[in-house]
Amino acid sequence: MKIAILPGDGIGPEIVHEAVRVLHALELAFESETALVGGAAYEAQGHPLPGATLALAQAADAILFGAVGDWKHDQLERALRPEQAILGLRKHLGLFANLRPALCHAPLVQASSLKPELVTGLDILIIRELTGDIYFGQPRGRRTALDGHFPGTEEAFDTMRYSRPEIERIAHVAFQAARKRAAAGGRAGARGKVTSVDKANVLETFQLWRDVLVEVHAQYPDVELEHMYVDNAAMQLVRAPRKFDVVVTGNLFGDILSDEAAMLTGSIGMLPSASLDGNSKGLYEPIHGSAPDIAGKGVANPLATILSAAMMLRYSLDRADAADRIESAVQAVLAAGLRTPDIWSEGTNKVGTREMGDAVVAAITGKTIPSTRR
Ligand code: IPM
Ligand code: MG
């Protein structure tokens, strides 16, 4: 097993460091190599995704990624901005299926912005298509308008597009995930459900999306399929989030809805993600960003990255046993009351990045979880 480790910018290096310590604590046989990415790579090598970093990612079985981005790079031309590193990795490696589980851990129910009765037991899986849509559609650019409301003035444009095979393959990922979750007893004996989120009432792209979802569904009669317009989905997510099981949607809608779903769980600092190609190779990253405002202060929550390492073991490295050990360890440290500032509440123990990592390592190796009550 070869893991490429790309810590990136801001809090990226701190949180990835803790996840790597957790992987070592499991005593698995793996090789790893670390490389620069994002703003850190731009500063050292003049490009956010240097050739050597891309080559390392291509050669690895899996990639553990921190976060990229810093305000100081926002003025750079688009091709050199840190965000291009993650977009480039997704595109070059064909990581089309983005899995973003939103799970409300029982001890953190109070941290949610919704009432506890709405989020207790919440367990949804957002599946976002990741290499198509308006994110990558051509043509795009700026020009002088020839028509429209103000001909002769400056305009900008992007292209929303999906091909049938792109929709088919993400639909299969969604139906299979729903089937698996139902088999694992996800929704208490209920059959799996896929909610396909689109804007078929307005957009051609998403009428094709809906048509293809219906066609592919014919192969999964055991799974329920429902369609929902994206505006309604945004509303239902805060009205009755537990009605969802698997949500599948395009790149842009998925970007927005997954942040919304994250907040339901209390903290964006808790949520991992997997971005997979068709052959179980994947890139694993927390869904939060680089948080430059708290970088280097030792207060960032490493749990989303640690849980991303668990997803990596499960989906790319065929070590579900080790993934289970990480997930149980995280449950144990939360149950023991340890909290980084982002999930802290009255009566719990406030700890830093390092102490949280120490606690997960202790839980994995069967040692007592250190109590650092302050
Ligand atoms: C995400 C992020 C990225 C995206 C940015 C950093 C380009 O918001 O992974 O959700 O828009 O996909
Ligand atoms: Mg996003």
Side-chain angles (χ1 to χ4, degrees), residues 6-12 15-16 36-42 47-49 53-54 57 63-102 124-137 140 158-162 166 170 197 230 233-234 237 247-265 267-277 282-293 295 300-301 304-305 307-308 311-312:
L6 309 181
D9 304 325
I11 59 172
I15 55 181
V16 167
L36 291 175
V37 75
Y42 170 76
H47 196 281
L49 183 57
T53 301
L54 178 58
I63 301 137
L64 186 63
F65 189 93
V68 290
D70 197 328
W71 303 307
K72 63 183 179 215
H73 297 121
D74 283 351
Q75 303 312 320
L76 289 172
E77 61 173 284
R78 183 170 303 282
L80 296 177
R81 289 191 209 161
E83 289 78 9
Q84 292 305 309
I86 186 66
L87 295 172
L89 282 165
R90 291 171 182 170
K91 193 73 190 167
H92 287 295
L93 302 182
L95 305 172
F96 69 88
N98 184 213
L99 276 43
R100 297 188 166 186
I124 62 188
L125 176 62
I126 300 204
I127 299 187
R128 168 188 176 195
E129 199 290 330
L130 204 56
T131 53
D133 202 353
I134 198 166
Y135 267 59
F136 294 98
R140 57 186 281 161
D158 299 276
T159 303
M160 178 176 271
R161 62 191 291 180
Y162 267 122
E166 282 178 291
I170 196 73
V197 172
V230 61
L237 267 174
V247 174
V248 65
T249 190
N251 205 344
L252 179 63
F253 299 158
D255 178 45
I256 299 164
L257 294 181
S258 59
D259 268 28
E260 190 188 358
M263 210 52 236
L264 304 178
T265 70
S267 168
I268 199 162
M270 291 298 303
L271 297 190
S273 79
S275 304
L276 308 173
D277 70 3
L283 179 149
Y284 299 83
E285 58 171 326
I287 89 156
H288 61 71
S290 54
D293 52 327
N301 185 349
T305 315
L307 290 168
S308 297
M311 287 188 93
M312 174 173 82

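Start at 1 and go down the list; that is how both ligands and their atoms are numbered. The model shown is predicted, which means the values in this text are computed figures rather than measured ones.
If you check which protein heavy atom lies closest to atom 5 (C) of ligand 1, you get Glu83 CG, 4.5 Å. The protein heavy-atom contact nearest to atom 2 (C) of ligand 1 is Asp255 OD1, 4.0 Å. Closest to atom 1 (C) of ligand 1 among all protein heavy atoms lies Arg100 NH2, 3.4 Å.
Within the structure, ligand 1 has Arg128 among the residues with a heavy atom less than 4.0 angstrom away. For the pair His288 and ligand 1, no heavy-atom separation below 4.0 Å is found.
The shortest side-chain heavy-atom distance between Leu49 and Gln84 does not fall under the 4.5 Å cut-off. In this structure, Leu271 and Pro101 have side chains that are not in contact, with every pair of non-hydrogen atoms separated by 4.5 Å or more. Looking at Leu130 and Tyr135, their side chains never come closer than 4.5 Å, going by heavy atoms from C-beta outward. Counting heavy atoms from C-beta outward, Val68 and Ser290 have side chains that stay 4.5 Å or more apart. No side-chain heavy atom of Asp277 sits less than 4.5 Å from a side-chain heavy atom of Leu93.
Close approach of ligand 1 to Tyr135 (heavy-atom distance below 4.0 Å) involves ligand atoms 4 (C), 11 (O), 12 (O).
Within a 6.0 Å sphere centred on OH of Tyr42, other residues, nucleotides and ligands contribute 12 heavy atoms or fewer.
Between atom 12 (O) of ligand 1 and the options Arg81, Gln84, Arg90, the minimum heavy-atom separation is to Arg90.
Looking only at its N/O/S atoms, Asp255 has OD1 as the one nearest to the Mg ion (ligand 2).
For Glu285, no nitrogen or oxygen atom sits less than 3.5 Å from a nitrogen or oxygen atom of ligand 1, counting backbone and side chain alike.
The CD1 atom of Ile63 sits 6.0 Å away from the CG atom of Leu95 when rounded to the nearest 0.5 Å.
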